[in-house]
2 protein chains.
Amino acid sequence: MASILIAEDDADLRTNMVDILELEGHQVVAVDCAEAAISACQQHTFDIALMDLLMPGMTGVEAISNLRQLNPFIAIIIVTAYATVDTAVDAMKKGADSVMTKPFNAGELLMGIKRSIAEKQLLKSAVNIDADSVYAALANPLRRSTLKQLGTHKQLKFMDLCRLVGVEDHTRFNFHLRQLKKAGLVQQNESKVYILTTTGQFVLQNHNLS
Amino acid sequence: MASILIAEDDADLRTNMVDILELEGHQVVAVDCAEAAISACQQHTFDIALMDLLMPGMTGVEAISNLRQLNPFIAIIIVTAYATVDTAVDAMKKGADSVMTKPFNAGELLMGIKRSIAEKQLLKSAVNIDADSVYAALANPLRRSTLKQLGTHKQLKFMDLCRLVGVEDHTRFNFHLRQLKKAGLVQQNESKVYILTTTGQFVLQNHNLS
DNA sequence: TTGTTCTGATAAGGAAACTTCACAATAGTC
DNA sequence: GACTATTGTGAAGTTTCCTTATCAGAACAA
């Protein structure tokens with residue numbers, strides 16, 4: 001199913017995790033420290049990395065930036081016995097996708113894996129958008145403003161949108177609106193009202209347009 | 001100092017927090033539910049929102065998307081007595097900037113505020129970049145590739161960079177490199193080697209270029 | 001030295017983006 | 001029906017972006 005990397009210095013727990021995940025049909029590579037995880041990531045692109053927090057050498061959290069540099073789309077789950085709210089928050093701030101507390105049973109492990117895959121799936125689909133046309137569309141402040149207005153007002157008629165953005169020449173605005181449509185960020189619903197597409201919503205959320 | 005919004009249904013704790021923060025010179029607005037916090041955010045732009053998790057009506061986490069839509073740069077701290085690792089991770093996934101556990105003393109509260117301000121400061125400085133030129137620069141796949149290569153190799157000479165990106169015509173590549181320089185994403189150090197600027201590094205981290 | 005590669009400036013021409021103007025079709029209003 | 005605001009299309013024209021070609025100084029090897 002998924003390609004999973006495990007970094008865990010406790011040999012017993014490690015083999016246990018490998019067994020659980022392989023039994024479920026996942027392809028697993030297990031190592032005993034963060035440095036080995038990084039080099040493993042250089043040779044194979046994993047879907048998920050389960051990183052123990054405390055290991056000899058680098059911690060799991062410290063390795064996050066390295067792993068993500070090698071593979072931007074890897075889901076990183078920090079696993080630790082000594083999880084407090086503070087350590088969990090810190091791990092998330094540093095770029096972890098989730099935090100699991102030891103001990104956990106097989107069901108909890110598989111559930112965590114499943115959820116991470118589902119969450120990454122959203123991002124994967126958003127990456128399939130045409131970066132060229134999206135960036136070109138965002139290069140214009142008028143179009144960024146249009147996207148933002150559509151984000152707040154959800155659905156708007158042509159002239160209302162035009163006035164909100166502050167363009168007096170409607171035909172000029174029409175040009176930019178068509179550019180947004182062509183880039184796949186904006187669409188018209190059945191009653192001709194303009195709304196954001198799903199990619200448009202994604203872009204709006206992730207790009208902090210200014 | 002900072003403009004802070006507090007949403008907390010426990011009246012005693014609320015006035016206590018207000019006292020602590022006002023004593024430190026902050027400007028504080030306090031409300032008793034998430035809905036009131038949202039409407040307060042419509043009338044004033046706060047730097048920080050301290051949101052209780054469990055309140056009558058909407059939870060603090062549920063309000064996050066509303067608050068952030070009204071003010072993309074607000075730092076949202078979820079405050080709760082019943083914080084587990086799971087609830088903290090969930091809050092972070094939903095867009096919280098940090099999670100604090102009750103009870104806390106004045107020092108912990110002020111420290112949390114201070115840290116959030118510092119972290120947001122980084123983002124604020126990155127927002128000062130000229131969005132027009134940055135997006136225009138990113139609109140070209142050759143330039144995105146150049147940025148990525150500079151991100152991994154840290155510093156590169158002109159021809160090495162040119163070959164890595166896969167352009168045979170160096171003068172054409174030179175054009176795009178200059179565009180990147182003009183957009184403030186790339187610079188040359190004292191020995192003429194090309195490196196990313198801080199804004200370049202920021203863009204590379206936050207934009208998941210494809 | 002001579003030649004070669006690296007690094008870059010400049011100018012010309014084409015392609016794409018953007019604006020503006022002119023003109024319709026439609027819908028709603030009196 | 002007459003009138004107006006809305007929602008477009010299409011064709012100039014202008015500006016900006018991008019490519020290509022030419023040349024030239026600097027670094028470096030033989």
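Every chain is numbered from 1, with letters handed out A, B, ... down the list of sequences.
- Ion pairing between a basic and an acidic side chain is recognised when a charged N comes within 4.0 Å of a carboxylate O; B/Lys94 and B/Asp90 show such pairing.
- D/dC18 atom C1' lies 14 Å from atom CG of A/Asp132, rounded to whole Å.
- Look at CG on A/Leu142: it is 11 Å from C1' on C/dC18, rounded to the nearest Å.
- B/Thr171 and B/Asp169 form no side-chain donor-acceptor contact under 3.5 Å, judged by distance and modelled atom types alone.
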Exercise for review: Would you sort out whether A/Lys182 and A/Asp130 count as a salt bridge (charged side-chain N to carboxylate O under 4.0 Å, His left out), showing the intermediate values?
Suggested key: CA-CA 11 Å; A/Lys182 212 160 57 181; A/Asp130 178 11; over 6 Å; no

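- A/Ser3 pairs in a side-chain hydrogen bond (donor to acceptor under 3.5 Å, both in side chains) with only one of the listed residues (A/His26, A/His44, A/Gln27), which is A/His44.
- Not one side-chain nitrogen or oxygen of B/Asn140 sits closer than 4.0 Å to the OP1 or OP2 atom of D/dC17.
- For the helix from C/dT1-D/dA30 to C/dC30-D/dG1, the axis fitted to the five pairs at one end and the axis fitted to the five pairs at the other end meet at an angle of 20° (nearest 10 degrees).
- Dashed line: the shortest gap from a side-chain N or O of A/Gln188 to OP1 or OP2 of D/dT7 is not under 4.0 Å.
- C/dT7 atom C1' lies 6 Å from atom CZ of B/Phe158, rounded to whole Å.
- Across the protein-nucleic acid pair, B/Lys192 atom NZ and C/dA9 atom C1' stand 12 Å apart, rounded to whole Å.
- A close approach under 4.0 Å does occur between a side-chain nitrogen or oxygen of A/Tyr194 and OP1 or OP2 of D/dG8.
- Within residues 160-178 of chain B, the residues having any heavy atom under 4.0 Å from DNA chain D are, by residue number, B/Thr171, B/Arg172, B/Phe175, B/His176.
- Atom-to-atom, NZ of B/Lys182 to C1' of D/dC18 comes out at 12 Å; the value is rounded to the nearest Å.
- Among the nucleotides C/dC18, D/dT7, D/dC18, the one closest to any side-chain atom of A/Gln179 is C/dC18.
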Under 3.5 Å, which protein N or O atoms sit close to an N or O of nucleotides 25-30 of chain C? Give each pair with its distance.
none

